[in-house]
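The structure is given below, and queries will be raised subsequently.
Letters A, B, ... mirror the listed sequences (proteins, then strands); counts begin at 1.
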Number of protein chains: 2
Amino acid sequence: MTHLERLCIEKGLKMTDQRRIIARVLSEADDHPDVESVFQRASQIDPRISLATVYRTVRLFQEADILAKHDFGDGRSRYESVPLEHHDHLIDVESGKVVEFFDEEIEKLKEAIALKLGYALVGHRLELYGTPIKKSDKAYKKI
Amino acid sequence: MTHLERLCIEKGLKMTDQRRIIARVLSEADDHPDVESVFQRASQIDPRISLATVYRTVRLFQEADILAKHDFGDGRSRYESVPLEHHDHLIDVESGKVVEFFDEEIEKLKEAIALKLGYALVGHRLELYGTPIKKSDKAYKKI
DNA sequence: TTATATGCAAAGCTTTTGCGCTGGC
DNA sequence: GCCAGCGCAAAAGCTTTGCATATAA
């Protein structure tokens, strides 16, 4: 049983074949697939699945807080099973590759800034967009 | 002449009545309007304006780097004239209010993290989502 | 059994685009 | 006068939904 399926059961969600398959696809993904990709991967496992169900299921999972929705600026939503430990994303604007990172210091700052403004932090999103540094680049000299 | 119109001229953009009006609406906005809002405000100044032109114009301004596009997770894009100094956003999830803030330390960290990962930072987005802290809240005690 | 989930196709929303007309420069 | 910009309406892309059928509990 996959990680996400276990979480579904813990949340008391009714498990259908479709949900199990979608949970598996999302659990096994090491990228950040959009709905279309999830649908394609799920269809390969079982063609008896519809795009509407994928949309309904990712929404369900999201509302159950076991799936995170991201928007990397390309017009569609991308998904990622809620990781054990939080992380942020750096998007390579040349290749579209997504690099995950975690920085303790920046996490503390987020909390502190919200507090200073009079808010309790309930969510946060940080995305960095960058181009790979090559030795010839000016930026490389900074290192 | 509004701030944004001046920037348009500096960038050498051809100025039509419509662009001037849209620039004015965006310059005078102290919120983060979506295209529909910009269209409505512009229409009040001059009804001879179409939604398509608003879309084309915000895109043009964005490509000229004089307008910033945001996505606060409600399905449409929100716009803000590029501020003199960069800032991030905290979104009040109860009221939808958007608070702008700037934190030197977090800005430096963004750059440093990208560099550490081998990237030159070309863009970044930080949004905090929070609920207002009342004296009765548990979080209030942290202050 | 009974409420809930699914598939299909239609519709909804935001955003883009083709085309003939208008208007800056 | 010419090329870019505009309005209009159609279409495109992502996502949601109505309805009849199927299925988990």
Margin query: Would you say that A:Tyr79 contacts A:Val35 through its side chain, given a criterion of any heavy-atom pair below 4.5 Å between the two side chains?
Written below: yes
Check: Could you state the CD-C1' distance from B:Glu36 to C:dT14, rounded to the nearest angstrom?
Finding: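 My rounded result for the distance is 10 Å.
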Check: When you check the phosphate oxygens OP1 and OP2 of D:dC6, does a side-chain N or O of B:Thr16 lie under 4.0 Å from one of them?
Finding: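 Result: yes.
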Checklist line | Cationic N near anionic O, under 4.0 Å, B:Lys69 to B:Asp71 | finding: no
Notebook entry, point to check: What is the nucleic acid contact for A:Arg56, judged by heavy atoms within less than 4.0 Å: base, sugar-phosphate only, or nothing?
Noted result: base
Next item on the list: Ignoring the backbone of A:Ser50, work out which of C:dT15, D:dC8, C:dC8 is nearest its side chain.
Entry: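 Ranking C:dT15, D:dC8, C:dC8 by closest atom to the A:Ser50 side chain puts C:dC8 first.
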Note to self: Taking the minimum atom-to-atom distance to the side chain of A:Ala52, which one of D:dG7, D:dT17, C:dT15 wins?
What the structure shows: D:dT17
Next item on the list: With DNA chain C as reference, determine whether B:Arg59 or B:Arg20 sits nearer its 5' end, using the nearest nucleotide of each.
Entry: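 That would be B:Arg59.
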Check: Roughly, in whole Å, what's the span from CZ in B:Arg78 to P in C:dC13?
Finding: 18 Å
Next item on the list: Establish, with yes or no, whether the OP1 or OP2 oxygen of D:dC14 is under 4.0 angstrom from a side-chain nitrogen or oxygen of A:Ser77.
Entry: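 No, because none of the side-chain N or O atoms of A:Ser77 sits under 4.0 Å from OP1 or OP2 of D:dC14.
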Check: Nearest-Å distance, CD (B:Glu63) to P (C:dT16)?
Finding: 10 Å
Notebook entry, point to check: Taking OP1 and OP2 of C:dT15, is either one under 4.0 Å from a side-chain nitrogen or oxygen of B:Tyr55?
Noted result: yes
Notebook entry, point to check: Between B:Phe72 and B:His32, how do the two ring planes meet: parallel, tilted or perpendicular, split at 30° and 60°?
Noted result: perpendicular
Margin query: Quick check on DNA chain C: between B:Gly75 and B:Arg48, whose nearest nucleotide comes earlier from the 5' end?
Written below: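 Here B:Gly75 is the residue nearer the 5' end.
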Check: Between atom NZ in B:Lys14 and atom P in D:dC2, what is the gap in whole Å?
Finding: 14 Å
Notebook entry, point to check: Rounded to whole angstrom units, what separation is found between the CG atom of B:Asp34 and the C1' atom of C:dC13?
Noted result: 12 Å
Note to self: Please determine whether a side-chain nitrogen or oxygen atom of A:Gln18 lies at a distance below 4.0 Å from atom OP1 or OP2 of D:dT23.
What the structure shows: no
Item checked: Distance in angstrom units between B:Arg19 CZ and D:dG7 C1', rounded -> 14 Å
Next item on the list: Whole angstrom is fine here: how far is it from CD1 in B:Ile49 over to P in C:dT22?
Entry: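 Those two atoms, CD1 and P, are 18 Å apart.
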Checklist line | Selection from D:dA24, D:dT15, D:dA4 that lies nearest to any side-chain heavy atom of A:Val35 | finding: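 Side chain of A:Val35 sits closest to D:dT15.
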Item checked: B:Lys14 backbone acceptor or donor facing B:Arg19 side chain under 3.5 Å ->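 At least one qualifying donor-acceptor pair exists.
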Note to self: Less than 4.5 Å apart, side chain to side chain, heavy atoms only: is that true for A:Asp46 and A:Gln44?
What the structure shows: no
Next item on the list: Check the distance between C:dT14's P and B:Leu51's CG and give it to me in whole angstrom.
Entry: 10 Å
